[in-house]
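Below is one structure, written out as C-alpha cells; comments come after it.
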Amino acid sequence: MNDLVYAVELTITGLLIGVMYAMVALGFVLIYKASAVFNFAQGAMTLFAALMVVGLRPVFGLAGALAAALAGMAVIAVAVERFVLRPLVGRSALAIFMATVAVASILEGVAQIVWGNQPRGLKLDLPAAPLQFHGVYVSPADLMGAGVAGLSVLLIALFFRWTRVGLGLRALASDPIAAQAMGVPTHRVWAAAWTLAGAVAIVAGVLWGSRIGVHFGMTQITLKALPILIIGGIESIPGVILAGLLVGAAEALGEGFLGPIVGGGVQEMIAYLAALLVLLLRPHGLLGEKSVERI
Amino acid sequence: MAATVPLLELEGVEVVYDGSVLALKGVSLVVPEGGVVALLGANGAGKSTTLKAVSRVLAAEGGSVRRGRIRFRGEAIDTRTTAELVRRGIVHVLEGRRLFRQLDVEENLRMGAYSRSDRAGIRSDLEEVYALFPRLRERRKQKTGYLSGGEQQMAAIGRGLMGRPALMLLDEPTMGLAPAIASEVFAVVRRLNTERGVAFLLSEQNLGLALRVAGHAYVLESGSVSFAGEPAALAGAGRAEAAYFGA
Amino acid sequence: ADPEIHHPMLVTRTGPFATGATGVSSGQQDYFALLNAKGGIEGAKIRWSECEFAYATPRALECYERFRGEWKIVYPNSTPAVVALGERLAADKVAGINPAGNRADSTDGETFPYLYPVVANFWAQASSTIRYLAQREGGEDKLKGKKIAFIHLDNAYGRGAIPVLEVLSKRFGFEWKSFPLPPPGLEQSAAWVDIARRYRADWAVQWNYGQSCTVPFTEIQKVGFPIDKFIGTLWCGSEEDIVAAGDLAKNYVSANYHGVGRDFPVIKEILAKVHDAGKGNIERERVGTVAYNRGVLTGILIAEAFGHAIRDQGLPLTGEKVLNGLNKVKLTKERLKELGAEGLVPEISLTPQYHGGVDGQVFQRWDGKTWTTISGWIPPYEDVVWDEVKRSAAAYRAEVKAKQ
Amino acid sequence: MAAVDPLVVEGLSLRFGAVEALRGVGFRVGQGEIFGIIGPNGAGKTSLLNVVSGTYRASAGRVHHFGVEGSRQPRHRLAGRGIARTFQNVALFGDLTVLENILVGRHQKMGAGLLSCGFAWPFVRAEARRHREAARAALAFLDLEGVADAHVEALPYGVKKKVELARAIAMEPKLLLLDEPLAGMNAAEKQDIAASIRRIRDRFGTTVVMIEHDIGLVVALSDRVMALDHGEKIAEGAPADVRRDPEVVRAYFGDGGDALDIAGHA
Amino acid sequence: MSAPAIVLPETATSRRLRLAAIVAAAALFLALPLAGGEYWIKGVAMPALIYGLAALGLNLLVGCAGQISMGQAAFMAVGAFVGAISYGRYGLPLPLALLAAGGASALVGVVVGLPTRRIRGLYLMVATLAAQVVVLWAIQRVPWFGAEAHGTIGIPRIMLGPWEIRSTLDKYLLVLAVAVPLTLFARNLVASRIGRAWIAIREREVAAEVLGVPAFRYKLFAFAVAAFYGGVAGALVVFAWTGIASVEEYQLELSIKLLGMIIVGGLGSVLGSYLGAAFIALLPVAISVSLTWGAAFVGGGAVNSALISNAEHVVFGLLLLVFLIAEPRGLARLVTRAANRLRSTSISRRQS
Ligand SMILES: Nc1ncnc2c1ncn2[C@@H]1O[C@H](COP(=O)(O)OP(=O)(O)OP(=O)(O)O)[C@@H](O)[C@H]1O
Ligand SMILES: Nc1ncnc2c1ncn2[C@@H]1O[C@H](COP(=O)(O)OP(=O)(O)OP(=O)(O)O)[C@@H](O)[C@H]1O
Ligand SMILES: [Mg+2]
Ligand SMILES: [Mg+2]
C-alpha cells in the first residue's frame, strides 16, 4: 500500500471519526450557549442515554427505545433546570460547573443501579463489510454514523439560525437577569437546551455505543470533545464541526505518520497540542466569539 | 380616587438586601394610567431599588420585598416572574444598562421584543428606534459591549422601547448622554405618553428635565418618601434641593 | 460462638473497572460461602466485609486503615492500590496478591516479601503468547519473518510486555511493531488501518484493558483483518470484554490462566449448595464466566493459605500467619482434584523466595456465546522471564534501598 | 527642560475595523491645567483617554507624558509615572471592600515581593499600615470614611463613582484622567465633586483631563476645553468660546435650543 | 450621600471568629492523632491535610486570581516524582527534596501559566487540562522519571537528619510541619498587596493594569504558587502517606476533585480549602460507611452491596448539590456563620 493511498484512507477514517467527535462536542456547545457553563455531566448523560436505548430496545424496538430515551432525557433536563439551574441563577460559572459534576455523579449512580455495570452491545444492523473505492477501504457503518451525526448537527444549527430560541439562549448566557427582564422564559428555554443536549447525547451514545459497546467507560469519550471545543470555539456549532473534522484527520494522520517516529500513542497529544496552538493564535478558537470587553 | 384603579400602586413597600440591609422603609406611591412619575433623591436613596421591586428583578440581586403590596392594574404582582410582567407590559430599563454585550445592537433590540410575535410591528418599531437614535443604525452590527457609554445607553432605552410597554420603568435614562440626545429621550417620553398613553416611572438626576415631563414627583430620602406632589410645588418649595443635600 | 475468620475485602463495584471486578469479588465470596456451607475451614467460618474503593488508590488506603489489624490477605485487583499499600503490608506483615498483575518483578520474593503475582506475570504472559503463536504457525522456526502487530495501551501496564518481545524477536527472527493507544484507548481506527493495510501484520496481539479490549472488533472488521489472526492478552479475555462486540468477536482467541465455564465439580457444587440455597453473591448467569472463575481461583488460593495457617499456627488468624500459610500453598494436581478444581486452577506452588509468576497460560476461543479452551498449558520462555525479573528487581532495590 | 507639558498628543488615530474612533487628534495640556473634553456620544472621547492611559494602542500618532513617549508602553508602567484615571463605566473590584479598592491604587507604591508578603516580615506590615493610612486619607478627602469597610458591590451608583475618584487620588497622580466623573449625580453632588477636583488641582498641582457632558460644570471648572466629533477635534480653546462655537453647538447641542437650557440648569 | 441603611455589624467580629475557627481547627488536627489513633490520622486527617494543601494552592490561583485550572493534579504528580527522585536517586535531604518538588512544580506551573497572556475563562480551563494530559504523558514516557515500566516509583527509608520518619505519628507531624507554615504563608499572601492584586485581576484585569498591577506577571506568580503548593502536597503524598509516586493517582479526576474542594470550601478562603478537602475526600467514605451500616441494620446483610456502592454516588451528588445551593460562599462561610450565631446567642443570654 503506497503512502498516498494510506494517507487518503487515514484521512477518510479520521474525518469520519471527526464527525462523531463533533457530535459529542456539540452537547457541550448547546449547554454552553445556554448558560455559559461547562457541562461536566455530558459524558454521564451520553452513557445514560445509551443505556436507556439498550435497555428499552427489547421492549419497544429501536425506534421506540429512541423515543423513550428522548422522553427520559427531557425528564432529566426538566429536573436539572428545576433543581440545579434555577436555584443557582446568577452564581459563578464555577459553582454551576461543580453542580454539573454532582449531576454526573447522580446519573452515574442511578445508571448503575438500574442497569448494572455490565457492558452491553448496541448493534445497528448496518452492513458490515467495508466498501472499496480505488483501493481505499471505507466502512459503511462509519459512513452511516457520520451521516447521522452530520445531519443532527445540521438540524441543530438550522434550529439555532431560524428560531428566536437561539437568540434567547445567547442573551441568557450573556446576562440571565437582563434576559429575564426582556421576558425570556428562562425555565423553559433552559429545559429546552438541556433536552436538546440530551438528544445529542442519545445520538452520540448510540453511535459510539455501536462502535465500542455501551459501558461505563463511555463517559470518557467525552474528554475527546474538549480540545475540539477550544479549537472550534466553545459557542460555535460550525466551529466544533470544523474542529472535529480537523482533529479527526490530524489524529489519524499524526498517529499514522508521526506516531512511529516518536514511538508513542500521540493521538491525544495531537489534539491537545493543536488546541494549544490554536489558542495561541486565536484565543477564542477558530470560529468562536471573542469575549467582548472594553473599558 | 375611589373609582379608577391606578396603573401601578406601591403600598408600604419594604425591601431588604441579603436579609440585612434595609433599603426601602415603607414606600408608597402611585402611577396613574397614562401618567409620568419622577422619582428623585440622592445617591443611595432607594430609587433603583424601588424600580427593581416593581419589575421583580430584585430577587436575582439578593433583595426581597419584606412587607407591603405592589399592584399593577389592581392585581397583586408580588409573586409574578419578571418575564410574566414583561408580557403584561411592564418593561424595565435597568441601571447600568445591562446590555447583552456579546450580541450586536440589532440583536439586543430584537431581544427587547422577545415576548412579542407581531413581526410587522417589531419591524416598524425597530425603524422607529433607529430614527430616534441614528447612531444605533450606524452601529447596527456592532457588539454592544464595544459601544461607547452613551451609545450603550441609547441601545438600552431602545431595547426597552421595543417591548411596547404599557408601563416603562426608566432608571436614570439620560446618564452619560450628550445634551442633544438627552433632551431627545425626554421628547420621546413625552411623545409616547401623549400618543400611545404609555405610563412612565423614572428615576432621574437631572431635575430640570425630569420635572418638565413629569406630572407627579416623589422624593426619596434614605428609603422613605419625603415628598410627593406636583413638580411645580416641589421646585417652588425648594424641597428638592433640601432632599438633595440630605438635610 | 463458632470460630470465625473475618476477611475484609477491597472491592470495586462502581465505575469503569467494575465490570470484571464484580465477578472476581463475587466468585471469591461464592467459594467462601461454599466452604461455609460445608463447615468452614478447619471448622472456622469465613465472614467477609466489603470495602468499596472504586479503584481509587486513596480510598484503598482509607479502607486499609479502616480495617487495620483485620486484614488476612489483601487482593484489591488493582495494581496501583496493591503497590501503594506495599509499605503498610510490609509494616503489618500482610500479603498482597495481584494474580497476573503488576509489579511483575514481585515474583522475586526476596525483594518483595509481601507482594505476589501468583500466576503468570506480564513477561510470562507475553512470552507464553509468543510460544502459542509459534505453535499456531507450526513451530518456532516458522516465526521467522512474520510480522506481529502489538496494539496496547500506552501506559505501564500496556508496555509491560515490550522487553520480552524485543528479546524474543531477536531470538526467533520475527518482526514486531508497537501500536500504542493513549488510555483509555477508545479510539483505534488509525492504528488498525495501519496494522491491516500498511504494516500488513500476520498477527495482531492486543494488550488492552477494559473497554479498549472491545473496540478492535468493529475496527478489524472495517479494515478486513482476519479475526483468527487476532489474539488477546488474558486481561482482554473475559466475557465483559467482548459481549458488547456480539458476533463480531466470534473466533477471537485470548489467553487465560485458568479454566472457564461451569464444567468443574467445585463450580457445580457452588451452584448446588450456594446458589440453589439462595445464598449466591452474584447473578446466577455470571457463574462460570472468566471473571467469576478467577474469583473462585483466588478464593481457593486464599482458603488454602488460611488452611495452612490454621493447621500450623492455630486460630485466631492474623495477616502474618496467613502470609506464612500462603508461602506453603502447593496446589498440586492431587490437591486440585480434591478441591474439585482440576482444570480450573493451574498448579501453583509458592515459597518465600518464589512468589509465582513464571507460569504459563491457556488459550480460549469465543464462539459468540461462550469461551472454549483450545490449547493445553503453554509455558513461557522461562529464561527470558527470569532475566527480566532479576533485572527489574535489582533496579527496584537500588531505588528503595539507596539510603539504608 | 523646565516646562515639559504633562500631556502632549500628536496625530492620534484609532480604528476598529470600519469604525474610525479617532482621526489625527492632537492637543497639549499644560502643567496644573484642568482640561475638559466634550463631544457627542461616540465621538471618541473615551477612546482618546484609553489611548492616553495605555489601554488602547493607537493605529497612528504619539502620546507623551511628561516628555516621555508612552503609547507603546505596557499599561501598568504608566501608573508608575503618576498617571491615574477613572472609568466611564465604573471599574471597581467587586469582591473587595472600598478601602481595599483604594489600596490596589497604591499597589505600585508598595515594594514587598512575593516572599516578603508571604512571610509578612515586620517591614511589610509597617508598609501595609502606612498605606492603609494614606488610603484612608484619600477617602477622607471625598468624605467617604463612612463606607471604608463596605463591599463596593452594594454601593449606590453615585458612591461608586466617588470611590473610583478616591482610588485615583490615592495614586497621588501628577496627571489625572477622568471619564465622566459627574454622571449619575444630582446637582448638589456634582458641585461637591467639582469642588473636590479643583481642590486636588489646587492643592497638589495635579493636571486634570476630564470628559464630561454637563457643559455647565465643564465651563465652570475647566481652564481649556476641547470638543470632539466623529473622532476629530472640532474646537479647542477657552471654555466659553468653545461652547459658543457654531460647530460645537450643531454637533453637541442639536438644533433645539432646548438642550442648552437643560444643560445649563445646574 | 444619604444616611447608610441599617447594616448588621459583622466585619470585626467575624474576623475574630475566623481566627477562633482556625485555632479550633488546629487544635482538632493536633488532638486527632492523640485521641483518635491511626485510622483517624491515616484515613481522615492525612488526606484532609495533604489534599487541603494542594487545594489551598489551587484556591490562590482560582479563588483569588481567578484563573481556572484543571491541572492541579499534574502539579502534584510533578512534585511526587521529583520529590521521590531527588530524595531517593540523588540523595537530597528531605527538606531540600520537598523544596525541589515544589520548585520543579512551580517551574512547570509558570510554563502552564504562559497562555494566560491571552487566554482566559473556559479556554484557559481546557488549556490547563491539556497541560494535565501532557505532563502525565511525559512522566510516563520520559525515562528520567523511572515510571515507564510500572507507573510508580518507590522511595528509601525517610530520614530527617539523624531521625527516621517511620511511625504514623512521625509522618503526620511531618505533614503538619510542612502544612502549617505554608498555610500561614498563604494567609499572609492573601491579605497582602499581592492577594489584593490577584483579586483585582480576577475582577477587572484591564482596570487593575491601569492602576499599576502587572497582570501577566501576577498571573504567573499565581500559577507558580499554586503549582508549588501542589508539588509539595504531591511530595507529601509520597513521603508521608502512600510511600510511592504513582501516575495513576494524579489523573484528571483528581484535578476536578481539587476544584470541587475549593468551590465547596469557599473560593479564596484559606480555611475553606481544608474544609473542602475534607468534604470532598471524606464524604464518599462517610456515605459508604453509613450506607453499609444502615443497610446492615435494615436488611441484615441481605442488601446488595453493589446497590450500596452505587447509591454512594447518588447520595454524594445530592449532598454536593444541596450544599452548593444552600451555601454560595462555601463551608468556610458556614463555619463563621455558625460561630456568629453561637456568639450572638451567648450575648443575648448574657444580656437577659
Ligand atoms: N445588591 C445590593 N445588595 C445590598 N445592598 C444594596 C444592593 N443594591 C442596593 N443596595 C443598598 O440599597 C440602598 C439603595 O440603593 P439604590 O441603588 O436603590 O439607590 P439609588 O437611589 O438608586 O442610588 P443612585 O442614585 O446612586 O443610583 C443603598 O444603601 C445600597 O447600598
Ligand atoms: N473596542 C472597540 N471596538 C470597536 N469599536 C469601538 C471600541 N471602542 C470604541 N469603539 C467605537 O468607537 C467610537 C468611539 O467610542 P468612545 O467610547 O470613545 O466614545 P465617547 O466619545 O466616549 O462616547 P460617550 O460620550 O458615549 O461615552 C464608538 O462609536 C464606539 O462604538
Ligand atoms: Mg440607582
Ligand atoms: Mg465615553
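First the proteins, then the strands, lettered A, B, ... as listed; each starts at 1. Just so you know, these numbers come straight off a predicted model, no measurement behind them.
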Is chain E contacted by the side chain of [X], its backbone, both, or neither, given a heavy-atom distance below 4.5 Å?
| X | answer |
| --- | --- |
| C:N102 | side chain |
| C:R159 | side chain |
| C:S392 | side chain |
| C:T14 | both |
| C:A56 | neither |
| C:R59 | side chain |

Residue, of [options], that accumulates the most heavy atom pairs under 4.5 Å with chain C:
| options | answer |
| --- | --- |
| E:S309, E:G43, E:G151 | E:S309 |
| E:H313, E:E248, E:E164, E:Q140 | E:Q140 |
| E:G154, E:A84, E:G146, E:S246 | E:G154 |

- [ ] Evaluate the side chain to side chain contact (heavy atoms under 4.5 Å, CB included) criterion for residues E:I153 and C:E399: first the C-alpha distance (whole Å), next the side-chain angles of each, then the deciding distance (0.1 Å), finally the verdict.
- [x] CA-CA 8 Å; E:I153 56 173; C:E399 182 178 296; 3.5 Å; yes

- [ ] For C:E50 and E:I308, run side chain to side chain contact (heavy atoms under 4.5 Å, CB included): C-alpha distance rounded to whole Å, both residues' side-chain angles, the deciding distance at 0.1 Å, then the answer.
- [x] CA-CA 11 Å; C:E50 287 195 353; E:I308 296 176; over 6 Å; no

Measure the [atom1]-[atom2] distance between [X] and [Y] for me, rounded to the nearest 0.5 Å.
| X | Y | atom1 | atom2 | value |
| --- | --- | --- | --- | --- |
| E:L254 | C:T57 | CG | OG1 | 10.5 Å |
| C:E62 | E:L282 | CD | CG | 8.0 Å |
| C:L61 | E:E249 | CG | CD | 7.0 Å |

TODO: Please look at E:A147 and chain C and tell me whether the side chain, the backbone, both or neither of the residue comes under 4.5 angstrom of a heavy atom of that chain.
DONE: backbone

Open item on the list: I need the full list of side-chain hydrogen bond (donor to acceptor under 3.5 Å, both in side chains) pairs touching residues 81-92 of chain C, with sequence neighbours left out, sorted by first then second residue.
Closed with: C:Y64-C:D92, C:E65-C:R88, C:R68-C:D92, C:E87-E:K171

Task: Check against side chain to side chain contact (heavy atoms under 4.5 Å, CB included), C:D154 and E:R141 - done: CA-CA 9 Å; C:D154 195 16; E:R141 296 308 305 260; 2.9 Å; yes

- [ ] Count the heavy atoms belonging to other residues, nucleotides or ligands that lie under 6.0 Å from CD of C:E166, then report whether that count exceeds 12.
- [x] yes

TODO: Let me see the working for C:Y157 and E:H150 under side chain to side chain contact (heavy atoms under 4.5 Å, CB included), right down to the final yes or no.
DONE: CA-CA 7 Å; C:Y157 151 75; E:H150 302 287; over 6 Å; no

Task: Side chains of C:P182 and E:W137 in contact at under 4.5 Å (non-hydrogen atoms) - done: no

